[in-house]
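Presented below is the structure to which this report refers.
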Amino acid sequence: MKTRAVLILILFIASFVVESKAQQLNIMPWPSEIKMAEGQFVINKNLRISISGNPDKRLQPNLVRFIQQLSKRTTIPFDRDTIITNTEASMIIEVNRQGVVHLGEDESYSLKVENDKIILTAETDLGAMHGLQTLLQLLDRNRKSFFFPCIEINDKPRFAWRGLMIDACRHFIPLEVIKHNIDGMAMVKLNVFHWHLSEDQGFRVESKVFPTLHQLGSNGEFYTQVQIKEVIAYANERGIRVMPEFDIPGHASAWMVGHPELASADGTYKIEKFFGVFDPTIDPTKKETYTFFAKFFKEMSQLFNDEYMHIGGDENNGVQWNENPRIQAFMKKNGIKNNHELQAYFNGNLLKILEKNGKKMIGWDEIFQPTLPKTIVIHSWRGRESMEEAARKGYRSILSSGYYIDLFKNCSEYYLNDPLPDDSKLTAEEQSRILGGEATMWAELVTGESVDSRIWPRTAAIAERLWSPASVKDVDDMYRRLDVINLQLEETGLQHIKNREMMMRRLCNGYNIEPLRVLADAVEPLEGYRRHGSQRYTTEFPLSRVADVALSDAPDFVRFRLRYNDYIKTKNKVSYTKMMDLLEKWSGNQASFNSLAYSNAALREVLPLSDNLKELALITRKLLEQLDSGTVMEEAESDALKIQLEKLKFPVAEMELPLTSLTLEIINQLKNGNKME
Ligand code: ACM
């Protein structure tokens, strides 16, 4: 009996060890089923990998890239002989059939790592490619060697549509930037690249049928058809769909520079340089409009091979429609009661054109109108309600509301935004119509140089929301893993870290950026549309100020927050010391930042922020000491501190200090009798 009890105890402890080890893995998105085992597959030059079954030929270059990445990380020179065809391989990839890069394809995989064997099995090569990404994320090291931990994973996506939209119009995004973003997407198992290609500020695709579209509508910044095909092939090789968006009838100024006859008001048009909603709108009442779009979408349907075509449809302000007597007469004659119905009429005609070209229609939630057939997909951006309403009425939909990564929100907010939360009121059938979601990178406040640092690493957290089980939602663990994935993303060519460094060197006009880095790692750009409130931005702004190198999750503040959460839970002294170290780093930075910035016109605007950081760090230090010694704070003292904090919260140069809200939490904790959990 006693032996049994001891055995049970040992098993209990062993399972705890296995569990806590699994917690320390850095996989993102987290797999649906994962079982740790004892042992390691040690990686050495003898690694041999074979592919069996019937995969698409794209698996081979993916495996080559896997080996190159493994080689670089481990510094082991794997050669061409690593991939073999016989069964002697220590790593076997078994694929049943060729995957097709379209909505709903099987992307599942199983991965088993044993001491002397790795077996990756998948129905399609797309699943096998996901498995290779997981394996790379499992790579670990000790003093002697690199290894994969023994493990068993069965994994599949929760949602079939997991996208990233990049707006290449407000600012043009160079081809190379698009490509390395596709690599980043592949790393975190996203599968739709939504390319926003027409806007008031630019028409970005070469059209051979209507060449003045790009010649006059783009300031010379557009993608040639050869480049588009290159991107589609590049994405296809990585298991990613490329869905174009041509935003009509509103957001359409750039179309009309070369084709003023498309507009609903006579006149000449120019490429817009401001941001917002503008009047130029396609005329939906003229036959010629549909003759034009029949030719246009025929050309674009042949160029883009995805089965979906995004027609935008958002934010049509209706001004040109309201002011045009001919359009008003048309509406009256045809019993069209309002602009929403007129847009539905337009969409109905577009739908026929798209269907003729073998395409399915998707558009922003404004296109939702029950007269349209159930084949269209609603892309919800104004709120999840539109997605749910569409699902209730029998339409499929995807969610972007809550995934607007241009809005500088904290990653945790995006992460916890579940298309189907636990309390969703939708029936199972309605839920099955929610296809997934997309992170949206609108480009008003980014350039090709900064866009990566706005997309990554945050999009990895959204990717996890869309791939992993709903129950995976520990925010602190997400931030912990995100910090690791952040560095791995850099290996794909993403410039989110190195360009930020370059931008800081440029701001500092020298190599010594340390004082700026300390400040920039502690501050965040203003959230939402608040940056636009301080000045009227245009496409001509260089976006090279300190606010443009500040990140929405200030890295040092995130570290501080994680330490604080741990300290509150456990009273862990290590966390306490780490917090104190950070506070000292912040308060001690003021003098060096001052000497760097005082005579530097690009940095001077942030001097008050650096002063505020010092003051805030000193306050917070004192509060932490009180917290640690169990002090209870008097009402009067907490009131005085709160007034001081209000002043420190005030935005400077379109940035603010996230520490202010945590310091307020500490004050409340002290006031409420310093009760720990
Ligand atoms: C949108 O953000 N106007 C779709």
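These numbers come from the heavy atoms of this one structure, side chains and all, not from hydrogens, waters or symmetry mates. Remember, it's 1-based here, ligands and their atoms both numbered in the order they're listed. All values derive from a computational prediction rather than experimental measurement. Residues take their numbers from the sequence shown, with the count starting at 1.
Using modelled atom types, one finds no donor on one side chain facing an acceptor on the other under 3.5 Å when comparing N410 with S412. Between the side chains of S386 and S380, at least one donor-acceptor pair of N or O atoms lies under 3.5 Å.
Salt-bridge annotation for R531 and D406: absent, with no side-chain N of the basic residue lying under 4.0 Å from a carboxylate O of the acidic one. Note on R545 versus E605: salt bridge recorded, some NZ/NE/NH1/NH2 to OD/OE distance being below 4.0 Å. Salt-bridge formation is not detected for the pair K359/D306: no Lys NZ or Arg NE/NH1/NH2 atom is positioned less than 4.0 Å from an Asp or Glu carboxylate oxygen.
Taking the six-membered ring where tryptophan is involved, the planes of W442 and W364 are tilted, since the angle between them lies from 30° to 60°.
Residues with a heavy atom under 4.0 Å from ligand 1: D314, E315, W364, W381, Y404, W442.
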